[in-house]
Amino acid sequence: MNKTDLINNLGTIANSGTQKFIEQLSSKKTDLNLIGQFGVGFYSAFMVSDKIKVITSKAGEKEVYEWISDGKGEYSIEDSNEELKRGTKIILKIKDSESEFLESHRIRHIINTYSDHVAFPIELIQEDGKEEIINKASAIWTRNASDITEKEYEEFFNHVSHFPGKPWMTMHNKVEGTVEYTNLLFIPDSKPFDLFHPDRKTRVKLYIKRVFISEEGNELIPSYLRFLRGVVDSEDLPLNISRETLQHNKIVQKIKTSIIKKVLGNLKTKAEKEPKEYLNFWKNFSEVLKEGLCESTIEEKKLLLEICKFNSTLSDNNDLISLDQYIERMGSDQNEIYFLNGNNIDALRAHPQLEGFKKRGIEVLLLTDHVDNFWINVVHQYKDKNFKSITNEKIDLNKIKKIDDENKTENINKDSEKNTKLINFVKEILKNKIKDVTISSKLVSSPACISTAEGGMNLRMEKFLIEQNQLHSKSAKVLEINPNHPIFKKIMNSLLNNNKLDF
């Protein structure tokens, strides 16, 4: 810089502070990147310094100037006798209270954190005159993917994630167009220790032109992808961006949307081409991924549902199915995706309300993750097929497929005189303890089950809300009965013969 540059740039900052400097530059439609490249970074040096001296010479000019300020509003500019062939020299007089910034290990930490990947070497000169380059001066993500070996990817994954071994998936993309950025992202092959921490923090580092900006709170990826590790380097964001600005920045939102599509797209490809490998990922991160079904956009929900895997009554615990597979196996008269949720897969498989579904070969999804209690109440359909809990009363399996047993078919006829008599009897006994009594097509060997009324809250969700004191009482339930069970057959015979029943 020459004298005019010192007055216009450093002098303006020293006199009025950063905000006024930004406003003045904005009014002149000047490139605000100048601030990130020099101004703000320079101004922040006053936080740890009593005095700053800048010795500088402008390219093509012989004069050398010395700018001095204590950061309190005044500065001086003088001719300097120091020989300076090129560039600028900045000398800080560190405050006594900030002496830690003179320690070599503290300097190394700062450089390695924020400037490890800038394009030029940074040298640390010790008191004995020994010189040492303390940054890598290169960024692996800026290189072509074809030029990077698997070993180099692994080493960078270990460095950026603090995970040992190889990543489960590597995603290296350079995006050009309306928004320009590069991402190098990894999915670990095991769960991070803080995966289920209540803060749900993401761990992808944001760089701008290879300068580290932030790791937490940068809004680059949603919480349901918090297992991702790696970096995103933007060419469009200004270096002076703040955390508050990041939250509402349109460029960041475009980058976020693009990354989500790429990650979910890569996972879908993996699930289709390497299903066994994908199941390893699903076992590690399914609960986190399904959080996105509760909080993401409609488009994201569609992408997420395409890569979800489920236990079902027609598959074993090691052979999970997708929703597309479920729909392919549906009968021609089935229009809904049936599910049952609970705590334990073995207990679910033995659930009495599955009897009629199993007898007819109608598949039911078995949901055991805690998050399933929530997303299933938010996502109502997939590819025009509604999700429906088998604990709902309004399910007539005979409309989908009848059981090949004439006697049982006759008894399950809800309009039969016998069943009406039986229903009225049970209602009279239970009175207001239940909402209604119906003949069930879901039961085969069990005598009865409890169901929710049409439009009522899912049983599991109701139980959770009561446990959390967010719901004070249970809703009245529907009792479904099996007229073919010996208990109800005996009751029916007694009613038909006008015999007295003792309870």
Given 3.5 Å as the limit, does a donor-acceptor pair link the side chain of [X] with the main chain of [Y], or not?
{"X": "K442", "Y": "I395", "answer": "no"}
{"X": "N144", "Y": "S146", "answer": "no"}
{"X": "T313", "Y": "V364", "answer": "yes"}
{"X": "N482", "Y": "V444", "answer": "yes"}
{"X": "N392", "Y": "K388", "answer": "no"}
{"X": "Y278", "Y": "I307", "answer": "yes"}
{"X": "N266", "Y": "V263", "answer": "no"}
{"X": "S258", "Y": "K254", "answer": "no"}
{"X": "E154", "Y": "F156", "answer": "no"}
{"X": "Y326", "Y": "F310", "answer": "no"}

Interatomic spacing from [atom1] in [X] to [atom2] in [Y] - rounded to 0.5 Å:
{"X": "L237", "Y": "K209", "atom1": "CG", "atom2": "NZ", "result": "7.5 Å"}
{"X": "L185", "Y": "N173", "atom1": "CG", "atom2": "CG", "result": "8.0 Å"}
{"X": "D436", "Y": "L430", "atom1": "CG", "atom2": "CG", "result": "11.5 Å"}
{"X": "I390", "Y": "I362", "atom1": "CD1", "atom2": "CD1", "result": "10.5 Å"}
{"X": "L220", "Y": "R203", "atom1": "CG", "atom2": "CZ", "result": "14.0 Å"}
{"X": "S234", "Y": "N218", "atom1": "OG", "atom2": "CG", "result": "11.5 Å"}

Filter on ring-ring contact (aromatic ring centres under 6.0 Å, His included), then keep only pairs touching residues 201-253, sequence neighbours left out; what's left?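 Found Y114-F212, H117-Y207, W141-Y207, Y207-F212, F227-F281, F227-F285.
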Residue pair [X] / [Y]: nearest heavy atoms and the distance that separates them:
{"X": "L348", "Y": "T368", "result": "CD1-CG2, 3.6 Å"}
{"X": "R349", "Y": "N311", "result": "NH2-OD1, 4.0 Å"}
{"X": "E393", "Y": "A453", "result": "OE2-CA, 3.7 Å"}
{"X": "N284", "Y": "S190", "result": "ND2-CA, 3.9 Å"}
{"X": "S214", "Y": "L246", "result": "OG-CD1, 4.1 Å"}
{"X": "F157", "Y": "P164", "result": "CE2-O, 4.1 Å"}

Apply the test side chain to side chain contact (heavy atoms under 4.5 Å, CB included) to residues R229 and H162: give CA-CA distance (whole Å), side-chain angles for both, the deciding distance (0.1 Å), then the verdict. CA-CA 10 Å; R229 297 294 187 268; H162 308 294; over 6 Å; no
Side-chain H-bond candidate by donor/acceptor type, [X] with [Y], under 3.5 Å:
{"X": "N373", "Y": "N341", "answer": "yes"}
{"X": "S475", "Y": "K477", "answer": "yes"}
{"X": "T438", "Y": "E480", "answer": "no"}
{"X": "T202", "Y": "E216", "answer": "no"}
{"X": "N386", "Y": "Q381", "answer": "yes"}

Can you tell if the side chain of [X] reaches within under 4.5 Å of the side chain of [Y], non-hydrogen atoms only?
{"X": "F196", "Y": "E287", "answer": "yes"}
{"X": "M169", "Y": "D189", "answer": "no"}
{"X": "L422", "Y": "P483", "answer": "yes"}
{"X": "E363", "Y": "Q334", "answer": "no"}
{"X": "S322", "Y": "E306", "answer": "no"}
{"X": "D369", "Y": "K290", "answer": "yes"}
{"X": "H109", "Y": "N112", "answer": "no"}
{"X": "I481", "Y": "I439", "answer": "yes"}

Sort out for me which residue in D147, L184, V160 forms a side-chain contact (heavy atoms from CB on, under 4.5 Å) with I140.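 Considering D147, L184, V160, a side-chain contact (heavy atoms from CB on, under 4.5 Å) with I140 is found only for L184.
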Under 4.0 Å between a Lys/Arg side-chain N and an Asp/Glu carboxylate O for E355 and K358?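 Result for this pair is no, no salt bridge flagged.
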Which of these passes salt bridge (charged side-chain N to carboxylate O under 4.0 Å, His left out) with D324: K268, K383, R329?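 Considering K268, K383, R329, a salt bridge (charged side-chain N to carboxylate O under 4.0 Å, His left out) with D324 is found only for K383.
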Count the heavy atoms belonging to other residues, nucleotides or ligands that lie under 6.0 Å from [atom1] of [X], then report whether that count exceeds 12.
{"X": "K166", "atom1": "NZ", "result": "no"}
{"X": "K256", "atom1": "NZ", "result": "yes"}
{"X": "K261", "atom1": "NZ", "result": "no"}
{"X": "E176", "atom1": "CD", "result": "yes"}
{"X": "K427", "atom1": "NZ", "result": "yes"}
{"X": "H159", "atom1": "NE2", "result": "yes"}

With side chain to side chain contact (heavy atoms under 4.5 Å, CB included) as the test, would you mind laying out the steps for S451 and K394 before giving the verdict? CA-CA 9 Å; S451 297; K394 295 289 185 179; over 6 Å; no
Qualifying residues under side chain to side chain donor-acceptor pair (under 3.5 Å), relative to E291, sequence neighbours excluded: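 Partners of E291 under the side chain to side chain donor-acceptor pair (under 3.5 Å) test: R200, R226.
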Before you tell me yes or no, could you show the steps for D333 and K399 under side chain to side chain contact (heavy atoms under 4.5 Å, CB included), namely the whole-Å CA-CA distance, both residues' side-chain angles and the distance that decides it to 0.1 Å? CA-CA 7 Å; D333 294 323; K399 290 182 178 180; over 6 Å; no
Can the ring centres of Y338 and F357 be said to be less than 6.0 Å apart?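 Y338 vs F357: aromatic centres under 6.0 Å.
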Looking at F193 versus H197, is the centre-to-centre ring distance below 6.0 Å?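 No: the rings miss the under 6.0 Å criterion.
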Quick one: do K270 and E277 satisfy side chain to side chain contact (heavy atoms under 4.5 Å, CB included)? Show the steps, please. CA-CA 8 Å; K270 190 81 166 181; E277 273 295 306; 4.1 Å; yes
